[in-house]
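Just so it is clear, the values below take in all heavy atoms, side chains as well, and ignore hydrogens, waters and symmetry mates. Whatever order the structure lists ligands and atoms in, that order sets their numbers, starting from 1.
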Amino acid sequence: MKLELSNFDLKATEKNTLAILVCEDKQINENRTINSFLKKVQEIEAFKGEKGEEMILYSPPDLGVHRVLIYGLGKSEKLSPETLRVAAGKAVRCGIRKKLDEIWFAAPSDRKTGMAMEAILEALMEGAFLGNHIYDAYKGEKKRTPVATLGIFAKAADAKKYADIVDRVTAVCQSTVLAREWVSIPANDKLPARYAEMVAKEAEAVGLTVRVMEEDALVEKGFGAILAVSKASDAPPRLVILEYKAEKAKETIAMVGKGVIFDSGGMSLKTGSGMETMKCDMAGSAAVAATLIAAARTKPNVNLIGVLPMVENMISGHAIHVGDIIKTYAGKTVEVLNTDAEGRLILIDAIAYAIEQYKPGITIDLATLTGACVIALGEKYAGIFSQDDDLVKALVTSAEKTHERCWPMPLPEDYKELLKSEFADISNMPSTRSGGAISAALFISEFVKDTRWAHIDIAGPAYIRKENAYCGAGGTGFGVRLLCDFLSKF
Ligand code: BES
Ligand code: ZN
Ligand code: ZN
């Protein structure tokens, strides 16, 4: 699939399809040919521009294109980059259904919409690119094909000025799609060894430094928590470490991602329906790996470390028992009062290792950590936990820009009470279910020392059961666009 940004003569072009976005109360396009065409359409009251309204016209007399797809955005005051992403995604999905091989979107005017041209172009490209992703690796008959060329038609000066956006959006969206697919792959095809190989292959291809630690190395180095979670599984764990170096970097950021390729709950077994989507429990690691892969291509000015613990949380005769006490990489002991609270266990080993080995200025972890976070914020918001207000601000700014929404949550000191253990240094299971997302974050906070740290709980937005405007059912790739934007500021 090819993404393009260009300008051409709309009357003379032979391009297949032009998509035009229209508001119901205001003209938002600038191109004269487009506007006189729209005027005629609106004169005969064929199209109002209401939100979600769609119309296709064939061989329009004033335009060279074979088809025009008009798409309604609703009221202009509601316009935002996200409205454009949604519209572009829907138009592309319509194009897929109609088996089109080319769609060009007319970029609305920055002046008339009050949006920055860069934001307009980025949003259209993202919505189109991501909406064009089809995951059918396991279908016998491949019924749908992506649109081969997706283009943005802009003023000649803008097409030239913003040419570099195409490569940036392509890199970030390709990574998003990679993360989506890793999450959507069923657990039987991504046991830790295989998943580690998939990540390593993609990472090496873009020039990242890759290290994969196998079980022996984890035993030797004392990754007690990762090994405890993985114990019941016949599939040995992995710890994948990715490195990106920027020449003039002043800062090192460690990103740690939860990589539970399937979460049965272990001996604290989940219910049948509670397990249905648990192949998604490695979405944090997928987003972190994909972000580093994007970084290798977009080259942010910061050194990056990705630490990805990969395990399968299973039940068997050699499973960890409820009440077992384990020794973690950091040296502290943990009483495992619930084997389903396994994410925090593998994370603390990975975080302790990252901080000890790389001394990062900032550590960020991404994890499908708690059902409680989904109860608190619903499925479309991630929870963000940090004592560092500047870090929260920066992450929330990127979250708003990319519409990968994050909501700041508290980390109250006195709630640490809930994690007290009679026998070990700490318990992995809080003494109450209330505030479960917070106690999970507080548990991790006990292992971050004094580094700047943020935890993002993506249990809600990592996975969708039904497709939306620019994402099919399955993994969403949540976090990749957010982190890429955050890193681009360094
Ligand atoms: N992987 C789950 C959290 C999860 C739930 C992710 C729903 C995605 C969707 C996690 O390992 C888990 O089971 N957490 C427990 C923690 C509890 C036992 C303290 C939970 O949220 O119930
Ligand atoms: Zn669990
Ligand atoms: Zn889990």
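The salt bridge (Lys or Arg N to Asp or Glu O under 4.0 Å) pairs that include a residue from residues 203-222 are Glu214-Arg238, where partners are two or more places apart or lie in different chains.
For the Zn ion (ligand 3), the set of protein N/O/S atoms nearer than 2.8 Å consists of Lys258 NZ, Asp263 OD2, Asp281 OD2, Glu342 OE2, ordered by chain and number.
Considering both main-chain and side-chain atoms, Thr370 never comes within under 3.5 Å of ligand 1 through any nitrogen or oxygen pair. Every N/O-N/O distance between Asn338 and ligand 1 stays at or above 3.5 Å. An N or O contact shorter than 3.5 Å is missing between Gly343 and ligand 1 by distance. Any N or O atom pair closer than 3.5 Å counts here, and Glu342 shares at least one such pair with ligand 1.
Considering only non-hydrogen atoms, atom 9 (C) of ligand 1 lies nearest to Met278 out of Lys270, Arg433, Met278. Considering only non-hydrogen atoms, atom 6 (C) of ligand 1 lies nearest to Thr368 out of Thr368, Asn428, Val229. Nearest-heavy-atom check against atom 22 (O) of ligand 1 across Gly266, Gly274, Ser264, Gly371 picks out Gly371.
Residues Asp349 and Ile226 approach most closely at OD2-N, 3.1 Å, considering heavy atoms.
Using modelled atom types, one finds no donor on one side chain facing an acceptor on the other under 3.5 Å when comparing Asn313 with Ser264.
Ring orientation note: the planes of Phe490 and Phe486 are nearly perpendicular, at an angle over 60° on the 30°/60° scale.
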